[in-house]
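Presented below is the structure to which this report refers.
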Protein chains: 2
Amino acid sequence: MATIHDVAKMAKVSVTTVSRVLNNRGYISETTRNKVFQTMKELNYQPNELARSLLRKQSNVIGLIIPNVAHPFFAELASHVERYAYENGYKIMLCNSHLDPVKEKEYIDMLKRNRVDGIIMGSHTLEVKEYKELHSPIVTIDRQISEEIPFISSDNYEGGRLAAQLLVDKGCRKIAHICGNLELQLLANQRTAAFRDVMAENEIEPIIIQTDMNVFDEQQYEQIMSRLFAEHPEIDGLFATSDIIASFAVKECRKADKHIPEQIKIVGYDDVSAANWITPSLTTIRQPIAEIGRVAVDSIIRQMNNEPLEHRYVLEVELVERLTT
Amino acid sequence: MATIHDVAKMAKVSVTTVSRVLNNRGYISETTRNKVFQTMKELNYQPNELARSLLRKQSNVIGLIIPNVAHPFFAELASHVERYAYENGYKIMLCNSHLDPVKEKEYIDMLKRNRVDGIIMGSHTLEVKEYKELHSPIVTIDRQISEEIPFISSDNYEGGRLAAQLLVDKGCRKIAHICGNLELQLLANQRTAAFRDVMAENEIEPIIIQTDMNVFDEQQYEQIMSRLFAEHPEIDGLFATSDIIASFAVKECRKADKHIPEQIKIVGYDDVSAANWITPSLTTIRQPIAEIGRVAVDSIIRQMNNEPLEHRYVLEVELVERLTT
DNA sequence: TTTGACATGTCAAACGATTGACATATTTTT
DNA sequence: AAAAATATGTCAATCGTTTGACATGTCAAA
């Protein structure tokens with residue numbers, strides 16, 4: 001692989017000159033500039049970013065830690081994060097923590113060793129202390145872990161309210177809610193809080209079921225659903241905390257021969273693409289995933305440059321009515 | 001951020017000694033080793049991988065270029081690739097080419113600048129020449145672009161045959177097939193070839209429709225489906241080249257009030273998780289995505305170490321019968 | 001007592017690039 | 001004709017780590 005020295009030699013100029021054209025500094029004649037560019041092309045020269053990063057103390061890499069890219073929400077998030085990062089000259093190092101604290105810690109260390117410029121955490125299982133000690137630009141998604149660490153989320157309370165209110169407005173009176181593990185201090189828990197509030201306002205006895213947020217344990221979902229319908233056959237409304245859970249609910253309704261939306265109405269959450277792939281297409285609360293990704297990247301860059309930034313970004317959600325309500 | 005010098009100074013040993021314990025070479029007493037480790041912990045020292053990579057001429061980073069992680073197939077692939085890579089001490093740099101040749105070229109250059117040890121290409125739009133000139137370990141997925149570049153795919157012909165044969169066996173006589181753009185030289189085209197062959201064997205006039213492989217252009221899919229059913233209302237079997245397309249077919253059947261599987265049977269492809277999320281759950285051809293990811297990573301590592309490796313890996317597919325047939 | 005193994009240290013070069021200081025031209029402006 | 005701008009070069013330091021060569025010890029075995 002050609003180095004800057006090879007280019008210099010071949011173009012018959014000094015290394016400094018090559019560096020000058022590469023970095024656009026100092027005086028350079030058009031002729032020399034062209035000659036150098038020409039040579040770089042001929043040699044297929046690509047400046048070694050490792051060397052540059054070492055010197056500059058900036059790698060232009062952002063680490064992205066999420067539970068699993070195979071989960072549609074995180075897949076879409078990753079896609080947008082990558083896009084915005086790339087548009088701003090950053091690359092993404094992908095890490096799937098599988099919500100395993102050990103792995104997460106290992107990934108964080110790995111990212112530090114590789115001197116990433118910042119970390120976007122869509123997963124967090126460690127002690128707050130560990131994140132603070134990072135001393136590196138960091139931003140979390142949907143997790144408020146301390147005063148110092150900025151976070152991005154969408155308006156979970158409003159989302160929960162919209163979903164619950166919709167079900168009530170559409171006449172449901174026996175409403176269940178399936179949420180993630182409330183022990184984890186996720187902002188997503190506010191959806192449940194909102195659900196409780198709306199139910200209370202309407203004097204409806206809420207049915208609330210917790211699951212582990214593992215989308216790939218399909219058995220678990222199927223079990224929960226069939227138990228739910230067995231124990232509460234009279235349910236006429238369901239608010240699930242993710243579109244995937246909602247789609248399992250749809251499936252179970254088919255099995256139990258409950259008609260959607262006539263006999264039971266279902267609202268999901270996220271508005272992942274899959275929400276529109278399933279039949280009937282899912283009514284859901286739309287999280288602005290692209291925006292979340294954009295703000296996450298932006299917030300890392302702001303931290304790097306010591307530009308002003310908010311400690312909290314709470315983005316707006318939106319009710320998307322489709323065919324399950 | 002602490003350097004090896006800081007560790008040396010604080011542990012009152014030489015830099016060489018620290019390097020020795022770090023790299024496990026030469027003689028080191030237990031006492032010193034412990035002291036050094038202790039100090040590293042105290043200083044929260046993480047060796048600078050940029051410096052190491054620079055010297056070693058090995059970054060332990062693998063570039064992954066795919067059309068879009070937001071696509072379930074590539075999301076799952078990325079997830080497995082990342083896992084295997086991590087298990088072998090490699091990190092993944094994520095690139096979404098969006099099937100744009102310009103972007104793809106930019107990404108390849110970017111990866112070279114960052115001296116990745118290899119590239120896994122799940123996307124390819126460039127001239128063969130460009131890949132050959134890479135002189136870097138590379139492997140493609142589902143794309144055979146030259147004699148020199150190893151590729152990984154699953155048995156597309158067999159997959160197509162299984163799907164087509166199943167429909168025939170189940171009594172379908174008016175069978176349509178929706179495939180991607182056949183112009184792109186994808187190995188996936190063999191599914192269509194197999195479909196054609198099975199139809200010929202059974203003297204069925206095949207209906208074949210091409211789409212652009214853009215999962216996120218939902219409108220396109222909906223249009224194609226409604227046109228298909230409008231022009232061929234008598235269709236009783238459908239083989240789609242991806243589970244996502246199949247799920248749109250399911251949707252359209254609901255609209256057209258065609259009962260699945262009584263009036264029409266549908267087979268998808270990939271066996272992405274979503275195949276089991278939709279209702280009715282999708283009969284599909286399972287690609288061994290985890291295995292593809294494993295082999296891809298393995299093949300990059302083999303190339304790096306000049307170990308023997310195959311030029312082609314064709315993995316087995318499997319028919320997964322669920323409720324749409 | 002000699003010989004090795006073990007333990008640690010010093011030193012310098014290397015990886016590939018950037019950068020500042022300074023030198024030396026040649027051109028262009030005043 | 002002097003001053004200023006332009007163009008290029010040389011040189012050395014730096015980023016953080018590894019590694020080989022070599023020196024100097026200590027300690028145990030032969």
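Chain A is the first sequence line, chain B the second, and so forth, proteins listed ahead of strands; every chain is numbered from 1.
- Between the CG atom of Asn34(B) and the P atom of dA7(C) there is a distance of 13 Å, given to the nearest Å.
- A straight line from NZ of Lys9(A) to P of dT8(D) spans 21 Å, rounded to a whole angstrom.
- The environment of NZ in Lys9(A) is sparse: at most 12 heavy-atom neighbours from other residues, nucleotides or ligands sit within 6.0 Å.
- Side-chain contact annotation: Glu49(A) with Asn114(B), donor-acceptor N/O pair under 3.5 Å absent.
- Applying the side-chain contact (heavy atoms from CB on, under 4.5 Å) rule to Ala75(B) yields the partners Ala75(A); only residues at least two apart in sequence or on another chain are considered.
- The distance between atom CE of Met40(A) and atom P of dG16(C), rounded to the nearest whole Å, is 17 Å.
- Remark: the Glu183(A) side chain and the Asn181(A) side chain contain no N/O donor-acceptor pair separated by less than 3.5 Å.
- Sorted by first and then second residue, the ring pair (Phe, Tyr, Trp, His ring centres under 6.0 Å) pairs with a member in residues 84-112 of chain B read Tyr86(A)-Tyr107(B), Tyr107(A)-Tyr86(B); sequence neighbours excluded.
- Residues satisfying the side-chain contact (heavy atoms from CB on, under 4.5 Å) test with Thr3(A), not counting sequence neighbours, are His5(A), Asp6(A).
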Nucleotide-resolved protein contact map, nucleotides 9-19 of chain D, B/S/- at heavy-atom distance under 4.0 Å:
BBB--BBBBBB
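- Across the protein-nucleic acid pair, Tyr27(B) atom OH and dA28(D) atom C1' stand 14 Å apart, rounded to whole Å.
- Axis deviation across the helix from dT1(C)-dA30(D) to dT30(C)-dA1(D) amounts to 40°, comparing end segments of five pairs, rounded to 10 degrees.
- With no hydrogens or angles considered, no side-chain donor-acceptor pair links Gln58(B) and Ser53(B) at under 3.5 Å.
- Rounded to an integer number of Å, the gap from Ile28(A) CD1 to dT27(C) P is 17 Å.
- Between Glu30(A) atom CD and dT6(D) atom C1' the separation is 13 Å, expressed in whole Å.
- The side-chain contact (heavy atoms from CB on, under 4.5 Å) check on Asn23(B) picks up Ser19(B), Arg25(B), Arg52(B), Arg56(B), with sequence neighbours excluded.
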